[in-house]
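Notes to accompany the following structure.
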Amino acid sequence: MPGRRTSNKKKSQKVALPDLSAKRRFQQRLLKWYGEHGRDLPWRKTSDPYHILVSEVMLQQTQVDRVIPKYREFLERYPSFEDLAEAPVADVKKTWYPLGYNVRPERLHGIACETVERYGGKLPSDAEELLSFKGIGRYTAGAIRSFAFNEDAPILDTNVIRVLHRVFVAEGDPKAQKTMLWELSEALIPPKKGYDFNQAIMDFGAMVCTARDPYCLLCPMKSFCKTYPFSPMERRS
DNA sequence: GTCCCGTACT
DNA sequence: AGTACGGGAC
């Protein structure tokens, strides 16, 4: 019998972890690109977990351009967890307007109340505790841990799903591979650089590896990207 | 996995 | 006008 067995993983395992050189190239090129082209956003000038939380909840539903002025206004009106917790929910929703998805300001208010009551006004950095809040899911927990607490915690939002799937996977439905993409997101973080790496990959997805018409010609990953050169997908019947 | 719900595309 | 989107709840 041809019991030929190489050291490669079996197909059934579908592991997309990149080889070391692709991983290093991705890390180095991404951070270099970020240093040259990264956006200067208001929530990147703070490490206050409350500010980070507000920005992330706003960004869950709304694009950066619309979030920026509301982020400033919201924090001016509710400068701390305590201020937010004390405010009537109706006022919070008014301040939130017109961002929409009004269950989110309710949940943000709830997070503030719980943070004041149960955590002495300090947002926890522990993943499980963060996930226990209504309104904080896996993405937002990772964002808070990396952006507010400088931990090497992975994130996976649609930007990151798209980038990682294109560069390292390039087959199948990206959304159906979240488990593997979470592992990839974690494996790619250079030690101690979770903050920059995560910010960088989000900017990269928003500015280069865009959903429609990505800027492949400018892309620093094109030499090893599994999707390069990108061609628009045809509709499946 | 499905639903949510305002936005931003066709 | 129709619909794809998106992080979270369930």
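These numbers were taken from a predicted model, which means no experiment stands behind them. Basis for what follows: all heavy atoms, side chains included, without hydrogens, waters or symmetry-related copies. Throughout, a chain's letter reflects where its sequence line sits, starting with A, and its residues are numbered from 1.
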Could you check how far [atom1] of [X] sits from [atom2] of [N], rounded to whole Å?
{"X": "A/Trp96", "N": "B/dC5", "atom1": "CH2", "atom2": "P", "result": "16 Å"}
{"X": "A/Gln177", "N": "B/dG1", "atom1": "CD", "atom2": "P", "result": "11 Å"}
{"X": "A/Leu59", "N": "B/dG6", "atom1": "CG", "atom2": "P", "result": "18 Å"}
{"X": "A/Asp173", "N": "C/dC5", "atom1": "CG", "atom2": "P", "result": "10 Å"}
{"X": "A/Gln61", "N": "B/dA8", "atom1": "CD", "atom2": "P", "result": "11 Å"}
{"X": "A/Lys175", "N": "B/dG1", "atom1": "NZ", "atom2": "C1'", "result": "13 Å"}
{"X": "A/Leu181", "N": "C/dG7", "atom1": "CG", "atom2": "P", "result": "13 Å"}
{"X": "A/Gln60", "N": "C/dA9", "atom1": "CD", "atom2": "P", "result": "8 Å"}

Practice prompt. Measure from NZ or CZ of A/Arg145 to the centre of the six-membered ring of A/Phe149 and say whether it is under 6.0 Å with the direction within 45° of the ring axis.
Written response: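 Cation-pi check for A/Arg145 and A/Phe149: fails.
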Worksheet item: Cationic tip of A/Arg138 within the cone over A/Trp182's six-membered ring, i.e. under 6.0 Å and within 45° of the normal?
Response: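 Pair A/Arg138/A/Trp182 counts as cation-pi.
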Discussion item. So, does A/Thr62 get its side chain near the phosphate of B/dT7, meaning an N or O under 4.0 Å from OP1 or OP2?
Written reply: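 For B/dT7, OP1/OP2 do not have a side-chain N/O of A/Thr62 under 4.0 Å.
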Worksheet item: Is the shortest side-chain N/O distance from A/Thr140 to OP1 or OP2 of C/dG7 below 4.0 Å?
Response: no
Worksheet item: Counting only N and O atoms by type, is there a donor-acceptor contact under 3.5 Å from the side chain of A/Arg104 to the main-chain atoms of A/Gly135?
Response: no
Worksheet item: Can you tell me if A/Tyr78 and A/Thr95 form a side-chain donor-acceptor pair at under 3.5 Å?
Response: yes
Worksheet item: How about A/Arg29 and A/Ser223: does a side-chain donor come under 3.5 Å of a side-chain acceptor?
Response: yes
Worksheet item: Does anything in residues 63-74 of chain A reach DNA chain C, meaning a heavy atom under 4.0 Å, and if so which residues?
Response: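 Residues of residues 63-74 of chain A under 4.0 Å from DNA chain C: none.
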Practice prompt. Measure centre to centre between the rings of A/Tyr34 and A/Phe204, then say whether the value is under 6.0 Å.
Written response: no
Discussion item. Under the salt bridge (charged side-chain N to carboxylate O under 4.0 Å, His left out) definition, can you give me all pairs with a residue in residues 41-62 of chain A, not counting sequence neighbours?
Written reply: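 Residue pairs with at least one partner in residues 41-62 of chain A: A/Asp40-A/Lys45, A/Arg44-A/Asp203.
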Practice prompt. Specify the residue among A/Lys134 and A/Tyr101 whose closest nucleotide of DNA chain C lies further upstream toward the 5′ end.
Written response: A/Tyr101
